Amino acid sequence: MTDLQTAARPRRPRPKVVTLTDAAAERVREIMANAEKTYVGLRVGVKNGGCAGQEYTFAYAEEVAPLEEVVEDKGVTILIEPKAILFLIGSEIDYETTKLASKFVFRNPNQTDACGCGESVTIIPAAALDAD
């Protein structure tokens, strides 16, 4: 009989909170290469604001903050603010270019609504979705 407490079981790799498309990863690499100094990665978060209630945020990260989720994808380091993790689980970040604009786009399964201008969204945290 095997003692379950001492039996070593390999851990399954945790899924990434966010992933990037090739276009998004390429654009982040360009942005980081042209930044005025060296950063450890790009910080992604969610803040209250806009007509739909929340907005995605991006910022250069000089260091990894406590409790931040570090995501390495396609050669890019993304840091997820702790309060944004449940809002972003399962999201894909893309970079789209049209005749009128170039921007990062989130494909977020937790997003329930967006404003007409596309600048703000309504997001329900992943834990709340699982509780239904």
Side-chain angles (χ1 to χ4, degrees):
M1 183 170 202
T2 306
D3 185 350
L4 293 177
Q5 292 179 336
T6 60
R9 290 186 300 163
R11 289 186 155 248
R12 281 188 305 166
R14 280 187 7 197
K16 295 176 181 177
V17 174
V18 299
T19 57
L20 293 112
T21 63
D22 291 338
E26 182 179 332
R27 183 62 182 138
V28 171
R29 283 192 296 274
E30 289 172 8
I31 290 169
M32 299 304 277
N34 294 319
E36 65 276 1
K37 61 183 182 177
T38 303
Y39 295 98
V40 298
L42 188 65
R43 181 169 287 120
V44 176
V46 175
K47 71 175 185 175
N48 291 334
C51 52
Q54 295 161 308
E55 298 173 338
Y56 297 109
T57 63
F58 288 98
Y60 291 113
E62 293 186 29
E63 61 184 27
V64 179
L67 304 178
E68 278 188 320
E69 185 80 16
V70 179
V71 175
E72 300 282 344
D73 193 24
K74 297 179 176 68
V76 173
T77 302
I78 302 292
L79 308 174
I80 310 294
E81 295 177 345
K83 67 181 183 176
I85 293 170
L86 290 177
F87 292 100
L88 296 176
I89 290 174
S91 296
E92 177 184 65
I93 303 172
D94 194 7
Y95 186 75
E96 296 180 348
T97 301
T98 66
K99 290 182 180 182
L100 299 176
S102 297
K103 62 183 179 179
F104 286 100
V105 176
F106 282 77
R107 293 188 186 93
N108 186 341
N110 308 305
Q111 183 176 313
T112 59
D113 197 12
C115 68
C117 67
E119 294 297 317
S120 69
V121 295
T122 303
I123 310 169
I124 296 176
L129 292 174
D130 293 338
D132 289 341

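Scope of the values below: all heavy atoms of this structure, side chains included, with no hydrogens, waters or symmetry mates. Note that this is a predicted model, so its numbers are computed, not measured.
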Point to revise | Atom pair CD/CG of Glu63 and Leu79 - distance to nearest 0.5 Å | key: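 Glu63 CD to Leu79 CG: 10.5 Å, rounded to 0.5 Å.
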Point to revise | Tyr95 OH to Ile31 CD1 distance, which is reported to the nearest 0.5 Å | key: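 Rounded to the nearest 0.5 Å, the OH-CD1 separation comes to 6.5 Å.
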How about [X] and [Y]: do any of their side-chain heavy atoms sit closer than 4.5 Å?
{"X": "Tyr39", "Y": "Lys37", "answer": "yes"}
{"X": "Leu42", "Y": "Val76", "answer": "no"}
{"X": "Val18", "Y": "Val44", "answer": "no"}

Are the side chain of [X] and the backbone N or O of [Y] linked by a donor-acceptor pair below 3.5 Å?
{"X": "Asp73", "Y": "Thr19", "result": "no"}
{"X": "Arg29", "Y": "Lys74", "result": "yes"}
{"X": "Arg43", "Y": "Val64", "result": "no"}
{"X": "Lys103", "Y": "Glu96", "result": "no"}

Exercise for review: List the steps and the verdict of side chain to side chain contact (heavy atoms under 4.5 Å, CB included) for Asn48 and Gln54.
Suggested key: CA-CA 4 Å; Asn48 291 334; Gln54 295 161 308; 3.9 Å; yes
Any chain of hydrophobic side-chain contacts (each under 4.5 Å) joining [X] to [Y]?
{"X": "Met32", "Y": "Leu20", "value": "yes"}
{"X": "Val70", "Y": "Val40", "value": "yes"}
{"X": "Val71", "Y": "Tyr60", "value": "yes"}

Exercise for review: Kindly say whether the aromatic ring centers of Phe58 and Phe106 come within a distance under 6.0 Å.
Suggested key: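 Yes: the rings meet the under 6.0 Å criterion.
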Could you list the donor-acceptor pairs under 3.5 angstrom formed between side-chain atoms of residues 81-92 and any protein atom two or more places apart in sequence or on another chain?
unit_1 : atom_1 : unit_2 : atom_2 : d
Ser91  : OG     : Leu88  : O      : 2.8
Ser91  : OG     : Asn108 : OD1    : 3.3
Ser91  : OG     : Asn108 : ND2    : 3.3
Glu92  : OE1    : Arg107 : NH1    : 3.0

